[in-house]
Amino acid sequence: MNPTDTLWVLISSALVLMMLAPGLAMFYGGMVRKKNILSVMMQCIFLMGLLSIVWALWGYSLAFAPDIAGGFIGGTDYFLMKGVLPAWNDSLQQVDVPMVGGIPRMVHFLFQMTFFVITPALICGAYAERMKFSSLVFFSVLWGTFVYCPLAHWVWSDTGWLFTGKYAALDFAGGTVVHISSGISALLCAVILGKRFGFGSDPMPPHNLTYTFLGTALLWVGWFGFNAGSALNVSVLTANAFLATHLSASAGVLSWAGMEWIVRGKPSALGACSGAIAGLVCVTPACGSVTPISGIFIGLLGGAACFYACTTIKSKFGYDDTLDAFGVHGIGGMLGAILTGVFADPLVTGVPETAGLLVGGSRQFINQCIGVVAAVLVALVGTLIILKFLDAVMGLRVSPEDELRGLDVTQHGEEGYIFW
Amino acid sequence: MNPTDTLWVLISSALVLMMLAPGLAMFYGGMVRKKNILSVMMQCIFLMGLLSIVWALWGYSLAFAPDIAGGFIGGTDYFLMKGVLPAWNDSLQQVDVPMVGGIPRMVHFLFQMTFFVITPALICGAYAERMKFSSLVFFSVLWGTFVYCPLAHWVWSDTGWLFTGKYAALDFAGGTVVHISSGISALLCAVILGKRFGFGSDPMPPHNLTYTFLGTALLWVGWFGFNAGSALNVSVLTANAFLATHLSASAGVLSWAGMEWIVRGKPSALGACSGAIAGLVCVTPACGSVTPISGIFIGLLGGAACFYACTTIKSKFGYDDTLDAFGVHGIGGMLGAILTGVFADPLVTGVPETAGLLVGGSRQFINQCIGVVAAVLVALVGTLIILKFLDAVMGLRVSPEDELRGLDVTQHGEEGYIFW
Amino acid sequence: MNPTDTLWVLISSALVLMMLAPGLAMFYGGMVRKKNILSVMMQCIFLMGLLSIVWALWGYSLAFAPDIAGGFIGGTDYFLMKGVLPAWNDSLQQVDVPMVGGIPRMVHFLFQMTFFVITPALICGAYAERMKFSSLVFFSVLWGTFVYCPLAHWVWSDTGWLFTGKYAALDFAGGTVVHISSGISALLCAVILGKRFGFGSDPMPPHNLTYTFLGTALLWVGWFGFNAGSALNVSVLTANAFLATHLSASAGVLSWAGMEWIVRGKPSALGACSGAIAGLVCVTPACGSVTPISGIFIGLLGGAACFYACTTIKSKFGYDDTLDAFGVHGIGGMLGAILTGVFADPLVTGVPETAGLLVGGSRQFINQCIGVVAAVLVALVGTLIILKFLDAVMGLRVSPEDELRGLDVTQHGEEGYIFW
Amino acid sequence: MKKIEAIIRHFKLEEVKDALTGIGIQGMTVAEVRGFGRQKGHKEQYRGAEYTVDFLPKSKIEVVVSDDQAQEVIDTILKTARTGQIGDGKIFVTTLADTIRIRTGEQGESAL
Amino acid sequence: MKKIEAIIRHFKLEEVKDALTGIGIQGMTVAEVRGFGRQKGHKEQYRGAEYTVDFLPKSKIEVVVSDDQAQEVIDTILKTARTGQIGDGKIFVTTLADTIRIRTGEQGESAL
Amino acid sequence: MKKIEAIIRHFKLEEVKDALTGIGIQGMTVAEVRGFGRQKGHKEQYRGAEYTVDFLPKSKIEVVVSDDQAQEVIDTILKTARTGQIGDGKIFVTTLADTIRIRTGEQGESAL
Ligand SMILES: Nc1ncnc2c1ncn2[C@@H]1O[C@H](COP(=O)(O)OP(=O)(O)O)[C@@H](O)[C@H]1O
Ligand SMILES: Nc1ncnc2c1ncn2[C@@H]1O[C@H](COP(=O)(O)OP(=O)(O)O)[C@@H](O)[C@H]1O
Ligand SMILES: Nc1ncnc2c1ncn2[C@@H]1O[C@H](COP(=O)(O)OP(=O)(O)O)[C@@H](O)[C@H]1O
């Protein structure tokens, strides 16, 4: 066991958990209306608990155990953490610690778990303020199982067809698995659930942007675990991913807030925060394959593209993606995957085949596009089936009256702020 | 010096400090009424400052210096950090760095300090909204000295009777020293101070559950330092403790929120947060001796037991444990210590003697019970004497009028929120 | 490459970023009025983004590249991260990774970047609630370039005249570069911008001290990265810096809150928080040269001195340093630099020349004073020129009407809290 | 002059405001209040404690108008604030003794 | 009809509400206000700055009742809201010109 | 007795309060309200959504005084709350039927 690498992956796991709660919960929670603040927090912490257990029961196995179903998904070898935890080896009369490279497999399990729990939670942004709690719980478990696990298997397991071989795509920290999949599913959720009661006529401004700021800042810090932790060791590559991540987030801030400044005359704090997240999303697949300088360009492009998606595309098509889960994670994720094919540099990866367009390669670029298409398809199909099924079985939305009163009081029987 | 181990213990120390401020302060602060929010924060940060200095002056020595008083407590060898800090060795003409295993003793001092400062702060939950600031300051110093230090000496010093020998109990990260001791003392505080003015008749809902959520999430993250940091190194055991901690917290969320869902028809965010903390408390003594799978069971049991304590026992007996310091830390701590005797597994500990009930041992289970009884006794007796003494000397509660106006304005001359 | 050292510097970088956002933003944001809360957050996150890019473009080079201008400033060697990032070495046919000691130079770049971005943000505290956003953006870039970079070059580059040679001053983690420079500049900003509309007549209490508390706690935790990270490795010195930092913060809490208790009859949460920051500021230059016990004394003195500065000096001279950036960083920074010359101990530094007054040296004390004077001068002259220039070109303050309505709505077109 | 106080549902505020400006009303003042009435509240539970919350968030609009505009204002509010469900709120009408515009000192109807 | 406005201590709200429903009152509206009066405020200090806070948090209850219920309401409030300490608050009574229930358009006492 | 309600700019509150106590007023009650009027609001933008905020934060002071003090109170408010810019606010005067001090049960002017 390499203690330094193990330590870094442990710390990274803590950082990614911090991204979900409190990070994402504050980020999203600040943007809903006051009457729904606790529902967002509840969704985040409950999914964190539930999906961690799901990961232990079957999730990790489906994602990382040896192929079944012709490589579509992993098998049952690691069900219940079998083969993951240390076990007594009778013949050697000692405890065997299963390893993944220099780190115990249970640490790999832990780190990958944090990705599994945060991804469905990202989708909350699309259906916030109107989805039934029970339905979203079932949705998340099914989505995690049937959308996330196959995708993770393709992209990150040793035998995944997007990981190795002819179609190998670069996805250092989860652009396809995490952001495209959740972002595309979010769009579908927004469309299928329909608009919030009063959308378009009533003002629905964020009730507490200070929370959104706080969440952004914690996401930013946590993302170092997400991205640089994905190296699974401490190396020059780790440092590269860390720095590229930070510079892309920085550039994203400038890009989004700068666009606002130009287009509207005023840069906003929400814009700066949104830009940081856009930059972070966009650099996620790229950070282990591009130089930090390229990270700056990725952040600039990501900020501008997501700004455009959230302000123009959304209002054009009129869907109600409450907190822009599609606009940021969907658009940013797809752009990032593609830009990885543009900026990838063998100097960083050490692998000559991974040359991006800018250093003269084109194969990698094509593979990135294939990866995007695959992720979009599996997200669309999977989410559609799950939503239709749940809609038939238990319904998706709360009653209009409950929506009006707010989910905090009606779904959870409590209030966020009691200031008198 | 082992740099990786040292680094991990340093980081863990930072994490545990983060548990106290902001973690615990936000967690507790959200549950009081608006007029007392700063008093809670003040208690946390002031105790953090004061008790750190106390630890340097005499605390560490009483807990970890060689025995005096027949092993009841440590001696004065480390007073004023003597023998803890590097010192000039005249004969060798070099600086001597005192070590504890692979880490400098001053790092051990630091890590143990963080436990010492957070433990009395946990008791704030019981006397919140009514105790005089001056009295609680004295209480905390006396309690730390006369309750915490002896207990820590028994449980964690090399010669402690609960650490080694016939009655050796397993307490990896402080179930007895931290949670039972503070939880039981909390109950006594609640009883002796009496109920808050208006308790039972006036509504006293938490004024800001978003803070409680934020605090919970930070406690969760910080707890990795608390529990996995207690390994004092980076090893497979560290990973085991980390993972067991996380899974227990996750299961606690499901357990408490699930109980609410069944019993009341609605799961609440406060319930999910409470369950996470219950799971974390319960797994604290166990995380270095049980498998992560056992961690799931411990979390499920811990969540359910603390739910029951906070909702049923408390209302039955009618004491006013403001923020359920007893219901969560007392009950959760005792249950965790006992469950450690059930689930302890030599596969994890590497020590055959530490077999729990489930793998056929019984001695360990008995020792766990002895440990619980010892901690309960020392907490009860110590707290009783200190409270009675302080009550006689300076009184314990603020005046009813001050209580009504709130401690922020009357004790600290400031207001939490000024929103006009 | 030393992986453990590299890991620690990476983590420290994340911690320092966390100090700025959310730490400083919450700390400062809580103290302004409600109508300006987002403007503070926007300033912090926008500067974090912008200055990170500036650092990549030219900042690092000016601070750390080999001398030009007779050692006044660094040259252009590292412009655009040239010579910082790994590059292909054609003759050796391998990738060259530039190093600084055991860590890649890009990690050094990253860590130093975090200092560069936080320092101008500290000045926000002085001009908060009235400065034009565009002007403060230009101010920060110019200040970073022409005040920070030269100072950093003198104090921390290999050839800096305050780093090595006759006038070598001890500044382990940035007392002169960060705190004196920003604190003195802050005073000048407060004086030149003038008082806020209504200062002295209208009540301007902090609108949300719970944020100030949260920010303080995060700053405290982050400061371990700032101070102990400045060791750039994991060693006994790292542990010493960590522990001295913590004890000084603790003592600062007691000192400031204790002063309040004595002088006004009540200790306040804001006082405790302010004291923690004062202790942290004061120990910043010292933490790698003094024993942890000396850290306690530094914290006690720092808390008392800054208390006096914020309560007495400020009201005596009547300048409107909104959030006491001068009172805490200016005063605390100067005191800390000087106390370093009092308490410095060769036992800690391992360098006999660095003996403070208390162990019989005096040269070090004199050098500390020279360092203070140099930092004060460069800050005064630089800031004066930049402010006068900007005032002439674009003006410094928003219109009185905008100031009255608040910067959130007028500068950024958004509101912090929408609670109906 | 009449002061018309209308306690309405929260989410009706924009609609009512727009309708009132539509009939030429140039000013109004709104406060966030909590209302107790026939509309039933809800239960909240915090660990062991259960509270019945009977006070529900409402918006209170105050419009001062000349006597002859009063009926039109009332009708407009009745039309736009109504959902037909219990809890739509009330309108209270008071006779004012005087009105003054602070900026100019104008008195009576010209102050509106 | 009368509008009875009572400015009371914060923590008396529940008690007063219960007493009023006890005598058959079916509705009321509450606002959080800040009151200045004989009851002395307190000092707050933030670093160098000291403020005297004279405005204390109070609850303002508004109940509209028929003329013949008015006295009973006033007596009930007097009884339950009283602590005997300075700062218990005031009751102000106004005569209303009209009352309308938004849901039904009912007017006058039947609207209550 | 008269109830004088003044809707004023936020930052004028302290000044008005001081002026009123200066002329012997011993009590008043303040609420935070949002006002719509001639003073134009501002636009807020949150990502894709733009809102025009017409409701601006105002403070509403309520002072109950004897009939003969009313004019002086009005004049004092007019003087201190005025900036001359649109949005200074209004004063509304109502005649009260009765006033009672909760602490003592005193009625009428002696209750003030
Ligand atoms: N007698 C009253 N005095 C003052 N306000 C009242 C009174 N009755 C009702 N209200 C206000 O009107 C609101 C709606 O009343 P409610 O009885 O729930 O429904 P409805 O008006 O449709 O019958 C209440 O929430 C309260 O704010
Ligand atoms: N003249 C007044 N006009 C309006 N409100 C008043 C007036 N006098 C007092 N109040 C309100 O009544 C509250 C209690 O008044 P105070 O003089 O403190 O005590 P008491 O009513 O017991 O004499 C004040 O806080 C204020 O809200
Ligand atoms: N007809 C009205 N009824 C109630 N409140 C009003 C009315 N007209 C104005 N107000 C209040 O007075 C405030 C100031 O009014 P506005 O028309 O903006 O300026 P001015 O009073 O200087 O002409 C508004 O924000 C609103 O709170």
Side-chain angles (χ1 to χ4, degrees), chain B residues 27-28 30-33 125 190 195-196 198-209 212 256-257 259-261 263-275 277-278 303 306-328 331 419-420, chain D residues 3-14 16-17 20 26-64 83 85-87 89-90 92 94 96 99-103 111-112:
Chain B
F27 178 70
Y28 273 176
M31 282 190 277
V32 300
R33 285 164 293 170
K195 299 173 191 178
R196 282 167 294 166
F199 179 73
S201 59
D202 294 356
M204 298 178 169
H207 91 285
N208 194 342
L209 285 182
T212 299
W256 190 307
M259 292 291 285
E260 287 185 331
W261 214 337
V263 174
R264 304 172 169 180
K266 282 175 190 172
S268 74
L270 176 58
C273 291
S274 307
I277 303 300
C306 295
F307 170 78
Y308 181 75
C310 293
T311 56
T312 308
I313 300 182
K314 183 171 151 184
S315 63
K316 198 154 181 175
F317 289 93
Y319 54 90
D320 181 12
D321 177 5
T322 316
L323 312 174
D324 293 310
F326 170 69
V328 173
I331 297 294
F419 276 171
W420 36 75
Chain D
K3 177 161 84 167
I4 296 165
E5 290 176 272
I7 291 148
I8 63 168
R9 287 177 198 276
H10 226 229
F11 68 97
K12 282 289 188 182
L13 179 59
E14 287 292 308
V16 171
K17 184 205 73 187
L20 288 178
Q26 304 221 354
M28 70 193 80
T29 303
V30 174
E32 299 311 311
V33 297
R34 291 181 291 150
F36 171 86
R38 279 175 193 76
Q39 184 186 6
K40 71 178 202 326
H42 57 262
K43 283 199 172 16
E44 295 182 3
Q45 292 182 314
Y46 299 100
R47 287 188 181 160
E50 176 171 306
Y51 304 114
T52 306
V53 176
D54 313 303
F55 286 108
L56 300 172
K58 301 275 172 192
S59 293
K60 177 167 130 184
I61 305 185
E62 295 187 4
V63 208
V64 175
T83 68
Q85 306 292 102
I86 292 181
K90 313 277 185 218
F92 302 128
T94 334
L96 280 197
T99 300
I100 306 115
R101 187 195 304 278
I102 293 175
R103 172 163 49 93
L112 296 180

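A note on names: the letters A, B, ... follow the listed sequences, proteins ahead of strands, and every chain is numbered from 1.
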Under 6.0 Å from the CZ atom of B:Phe419, do we count more than 12 heavy atoms belonging to anything else shown? yes
Under a 4.5 Å heavy-atom cutoff, which of B:Arg264, B:Glu260, B:Met31 has the most pairs with chain D? B:Arg264
Among B:Gly271, B:Pro203, B:Gly327, B:Cys310, who wins on heavy-atom pairs under 4.5 Å with chain D?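 The residue among B:Gly271, B:Pro203, B:Gly327, B:Cys310 with the greatest pair count is B:Pro203.
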Just to be sure I understand the criterion: a residue of residues 36-47 of chain D counts if one of its heavy atoms is under 4.5 Å from a heavy atom of chain B. Which ones qualify?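 Within residues 36-47 of chain D, the residues under 4.5 Å from chain B are D:Gln45, D:Tyr46, D:Arg47.
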Is it the side chain or the backbone of [X] that comes within 4.5 Å of chain D heavy atoms, both, or neither?
X        : result
B:Ile313 : neither
B:Met204 : both
B:Ser274 : both

